[in-house]
Amino acid sequence: MSKEKELVGEREGVSRRGFLKGIGSGAVAASVAPAVLVGSEETSRADTIDGITQTTVTLNINGTAHQVDVEPRTTLLTVLRDGFDISGNRLDLTGAKPICDRGSCGGCTVIVEGKPIYACMMLAVDVGRKKITTVEGLAGQDNLHPVQEAFVEHDALMCGFCTPGFVVAAKAFLDQNPTPTHEEIQEGLSGNVCRCGTYPFIFDAVKTASKKMRN
Ligand code: FES
Ligand code: FES
């Protein structure tokens with residue numbers, strides 16, 4: 001789905017729930033999003049094309065292994081959104097958003113081995129076989145993830161551009177702290193920025209999600 005269509009949402013007949021599932025069936029200040037940098041032990045081959053080294057790595061994304069050719073400088077975010085596997089299929093995981101592209105907004109948050117990270121700040125070759133969860137991997141076949149449900153119930157978005165990052169960051173946060181206080185929620189999501197200022201609704205949604213996840 002194009003970015004424009006995602007943003008149009010209900011005006012094109014896509015329900016808010018469907019929108020959330022789309023971005024969700026689609027990180028955090030440096031302290032909250034530690035760079036989980038590991039060795040590129042999964043490198044299977046390296047070719048030099050036009051002077052640029054291409055390396056094939058296997059990324060474990062939402063439970064599926066994807067073999068992709070990447071340059072050493074390619075970020076995880078670029079692979080998720082624009083990368084192709086070695087069969088030529090586009091990954092097309094566009095839930096994580098390239099908003100600042102410099103590790104300050106949280107729009108590109110994904111979970112790597114249980115920790116929220118900024119995908120724009122991690123090189124694909126450094127991920128190795130670690131488990132990557134994107135917002136597309138949260139919802140079940142027929143149900144939204146409780147965090148996504150709570151965001152719908154609390155109408156916790158306006159333009160929605162920050163929402164995938166908040167949803168993923170909230171999921172990772174609640175996995176670590178299932179019964180947070182309001183202050184802990186604020187602190188836990190402090191690496192994500194919402195330029196529309198929907199913070200009160202987001203924090204309420206996370207509170208509701210914490211109850212849903214415990215049930
Ligand atoms: S933190 Fe990655 S796009 Fe802003
Ligand atoms: S809802 Fe618009 S930036 Fe957060």
Side-chain angles (χ1 to χ4, degrees), residues 1-11 14-24 26-37 59 61 70 73-83 91-112 115-127 132-136 144 147-173 185-206 208-209:
M1 181 186 295
S2 71
K3 185 185 297 178
E4 290 73 19
K5 280 193 175 171
E6 286 180 5
L7 291 173
V8 169
E10 289 169 78
R11 276 182 290 154
V14 179
S15 69
R16 182 152 285 205
R17 179 184 173 85
F19 169 73
L20 265 177
K21 188 161 185 180
I23 58 180
V28 212
S31 61
V32 189
V36 187
L37 299 178
L59 299 176
I61 307 168
V70 296
R73 63 182 175 177
T74 307
T75 66
L76 176 58
L77 181 60
T78 297
V79 172
L80 293 173
R81 295 181 58 85
D82 302 317
L91 269 58
D92 206 24
L93 297 166
T94 56
K97 298 287 183 276
I99 302 176
C100 71
D101 213 19
R102 61 184 61 185
S104 64
C105 76
C108 63
T109 303
V110 299
I111 300 172
V112 176
K115 294 182 179 168
I117 63 105
Y118 292 146
C120 71
M121 299 297 286
M122 174 175 271
L123 296 174
V125 294
D126 285 332
V127 180
I132 303 163
T133 303
T134 70
V135 73
E136 289 90 346
L144 293 174
V147 173
Q148 294 169 313
E149 283 181 359
F151 269 65
V152 172
E153 288 169 16
H154 287 272
D155 214 11
L157 63 151
M158 288 181 73
C159 78
F161 217 68
C162 70
T163 310
F166 266 104
V167 166
V168 173
K171 196 271 183 198
F173 169 71
I185 293 171
Q186 286 181 302
E187 172 66 24
L189 299 182
S190 60
N192 288 64
V193 175
C194 174
R195 288 165 182 80
C196 297
T198 55
Y199 295 103
F201 303 100
I202 291 171
F203 298 150
D204 286 346
V206 175
T208 297

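Below, each value reflects all heavy atoms present in this structure, side chains not excepted, and no hydrogens, waters or symmetry copies. One-based numbering, in listed order, for ligands and for the atoms of each. By convention here, the first residue in the shown sequence is residue 1.
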Trainee: In ligand 2, which numbered atoms sit nearer than 4.0 Å to a non-hydrogen atom of R195?
Mentor: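 Near R195, the atoms of ligand 2 are 3 (S).
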Trainee: Quick one: does R195's side chain get under 4.5 Å of I99's, heavy atoms only?
Mentor: yes
Trainee: Is the number of heavy atoms from other residues, nucleotides or ligands within 6.0 Å of CZ (F201) greater than 12?
Mentor: no
Trainee: Which of the atoms of ligand 2 are close to G160, meaning less than 4.0 Å from one of its heavy atoms?
Mentor: 1 (S), 2 (Fe)
Trainee: With backbone taken as N, CA, C and O and side chain as the heavy atoms from C-beta onward, which portion of A119 lies under 4.0 Å from ligand 1: side chain, backbone, both, or neither?
Mentor: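 Neither; nothing of A119 gets under 4.0 Å from ligand 1.
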Trainee: Calculate the angle formed at atom 4 (Fe) of ligand 2 by SG in C194 and SG in C162; 10° precision is enough.
Mentor: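 So the angle at the metal works out to 110°.
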Trainee: With a cut-off of 4.0 Å, which atoms of ligand 1 are near a heavy atom of G106?
Mentor: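 That gives atoms 1 (S), 4 (Fe) of ligand 1.
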Trainee: Number the atoms of ligand 1 from 1 as they appear, then name those within less than 4.0 Å of a heavy atom of D101, with their elements.
Mentor: 3 (S), 4 (Fe)
Trainee: Roughly how far, to the nearest 0.5 Å, is CG of L189 from CZ of F203?
Mentor: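 It comes to 6.0 Å.
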Trainee: Working to the nearest 0.5 angstrom, can you tell me the gap between M122 CE and T74 OG1?
Mentor: 14.0 Å
Trainee: Could you grab the distance from atom SG of C196 to atom CZ of F161, nearest 0.5 Å is fine?
Mentor: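 It is 11.0 Å, given to the nearest 0.5 Å.
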Trainee: Give the numbers and elements of all ligand 1 atoms closer than 4.0 Å to a heavy atom of K97.
Mentor: 3 (S)
Trainee: Using a 4.0 Å heavy-atom cut-off, say whether M121 meets ligand 1 through its side chain, its backbone, both or neither.
Mentor: neither
Trainee: Which atoms of ligand 1 sit under 4.0 Å from any heavy atom of G103?
Mentor: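 Within the 4.0 Å cut-off of G103, ligand 1 contributes 1 (S).
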Trainee: Roughly how far apart are M121 CE and D101 CG, rounded to 0.5 Å?
Mentor: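 Reported value, rounded in 0.5 Å steps: 9.0 Å.
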Trainee: Under 2.8 Å from atom 2 (Fe) of ligand 1, can any N, O or S atom of C120 be found?
Mentor: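 A backbone or side-chain N, O or S atom of C120 is under 2.8 Å from atom 2 (Fe) of ligand 1.
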Trainee: With a 3.5 Å distance limit and no angle check, can you tell me whether N192 reaches the backbone of G165 through a side-chain donor-acceptor pair?
Mentor: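 It does hold such a pair.
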Trainee: Angle at atom 4 (Fe) of ligand 1: provide the value between SG of C100 and SG of C105, rounding to 10 degrees.
Mentor: 110°
Trainee: Using the side-chain contact (heavy atoms from CB on, under 4.5 Å) definition, which of the options L123, T134, I117, V70 pairs with L76?
Mentor: I117
Trainee: Starting from atom 1 (S) of ligand 2, what is the nearest protein heavy atom, named by residue and atom, and what distance separates them?
Mentor: M158 N, 3.2 Å
Trainee: At less than 4.0 angstrom from any non-hydrogen atom of I99, what atoms of ligand 1 do you find?
Mentor: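 What qualifies from ligand 1 is 3 (S).
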Trainee: Counting from 1, what ligand 1 atoms have a heavy atom of S104 closer than 4.0 Å?
Mentor: 1 (S)
Trainee: Looking at atom 4 (Fe) of ligand 1, is one of the N, O or S atoms of C108 less than 2.8 Å from it?
Mentor: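 For C108, the answer is no, given that no N, O or S atom comes within less than 2.8 Å of atom 4 (Fe) of ligand 1.
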Trainee: Applying side-chain contact (heavy atoms from CB on, under 4.5 Å), run through V147 and V206 and close with a yes or a no.
Mentor: CA-CA 7 Å; V147 173; V206 175; 5.7 Å; no
Trainee: Nearest 0.5 Å please: distance from the CD1 atom of I111 over to the CZ atom of F173.
Mentor: 13.0 Å
